[in-house]
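First up is the structure itself, then whatever we jot down about it.
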Amino acid sequence: MYIDSHCHINFPELAVRLPAILEKMAENQVSHALCVSVNLPDFPQVLALAEKYPDIYASVGVHPDYEDTPEPDVEQLVKLADHPKIVAIGETGLDYYRLQGDLEWQRERFRTHIRASRATGKPLIIHTRSASEDTIRIMREEGAGTDAGGAGGVMHCFTESLQVAEAAISMGFYISFSGIVTFKSAKELQAVARAIPLECMLIETDSPYLAPVPHRGKVNEPGLVRHVAEFLADLKGMPLEQVAQQTTDNFFELFHIAR
Ligand SMILES: [Zn+2]
Ligand SMILES: [Zn+2]
């Protein structure tokens, strides 16, 4: 059994062929998926998927790459998160790669999400790109981690250094690996995945993006998360079954989902 801890199956590329996507999940023993919110106008679709399908969970949040979109406040996020299928706040974080200039608004938006996470007890899904120093600093300042009474969360689609991974882990965060770790060029990231304990790891697709080898360049989907698990098992010299089981247990534990 595998779980895709981060996908965007509400995006048009995937939403139009949802029955085939769910079938492919079943074929590959991918039992659950978390459909991650990126903005408020599309949130009703994300929620509708989680309400319709028992094995799909959802989050609420506004992605740092969305510039011209309604800005959430803490109260609003807390209210929207008050639903049994909404298991996380995000995705949120900082992205200095896609956007440049004065990004104070990104940092403010990130703080809003951390405050909503602390208020609801629902963990954060954090996106960080070319911004790890500020990301870790704000996580500490706002008490995002379980070490500071926060709800913790996951550093999703992780591509940073071992030092950043260890800083997040010390705050009670999980590290999630996507298909990027399977890419031939990802030697440094593979070394990070080898070094950190399986007890801190999740797997994800971030579909429709970032299809893992051997599907690189194609449209990604939750059923392909299995390739990430297979790659990690090889990399860490562990039985595939152990990687599947532990990452599944980690998912249920982090998002407080009773089995
Ligand atoms: Zn992301
Ligand atoms: Zn995402």
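Each ligand, and each atom within it, is numbered from 1 in the order the structure gives. Below, all heavy atoms of this structure are taken into account, side chains as well, without hydrogens, waters or symmetry copies. This one's a predicted model, so the numbers in the text were calculated from it and none came from an experiment.
- Here Asp206 contributes OD1 and His8 contributes NE2, and at the Zn ion (ligand 2) these two atoms make an angle of 90°, given to 10°.
- The ring of Phe11 has its center closer than 6.0 angstrom to the ring center of His8.
- Not a single N, O or S atom of His63, from either the backbone or the side chain, sits less than 2.8 Å from the Zn ion (ligand 1).
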Stepwise salt bridge (charged side-chain N to carboxylate O under 4.0 Å, His left out) test for Glu230 and Arg226: CA-CA 6 Å; Glu230 283 169 358; Arg226 191 196 170 111; 3.1 Å; yes
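- A salt bridge links Arg107 and Glu104; the closest N-O separation between the charged side-chain nitrogens and carboxylate oxygens is under 4.0 Å.
- The Zn ion (ligand 1) has no N, O or S atom of Asp95 under 2.8 Å away, backbone or side chain.
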Run the side-chain donor-acceptor check on residues 158-168: report pairs under 3.5 Å with partners two or more places apart or on a different chain.
unit_1: Ser161; atom_1: OG; unit_2: Gln163; atom_2: N; d: 3.4
unit_1: Ser161; atom_1: OG; unit_2: Val164; atom_2: N; d: 3.2

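- When distances to the Zn ion (ligand 1) are checked against a cut-off of 2.8 Å, His156 contributes an N, O or S atom below that limit.
- Between His32 and Phe252, the distance separating the two ring centers is shorter than 6.0 angstrom.
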Walk me through it: do Asp95 and Arg98 pass the test salt bridge (charged side-chain N to carboxylate O under 4.0 Å, His left out)? CA-CA 6 Å; Asp95 192 330; Arg98 286 279 299 276; 5.5 Å; no
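- Looking only at its N/O/S atoms, His127 has ND1 as the one nearest to the Zn ion (ligand 1).
- Residue Cys7: no N/O/S atom is found under 2.8 Å from the Zn ion (ligand 2).
- Within Glu91, the N, O or S atom lying nearest to the Zn ion (ligand 1) carries the name OE1.
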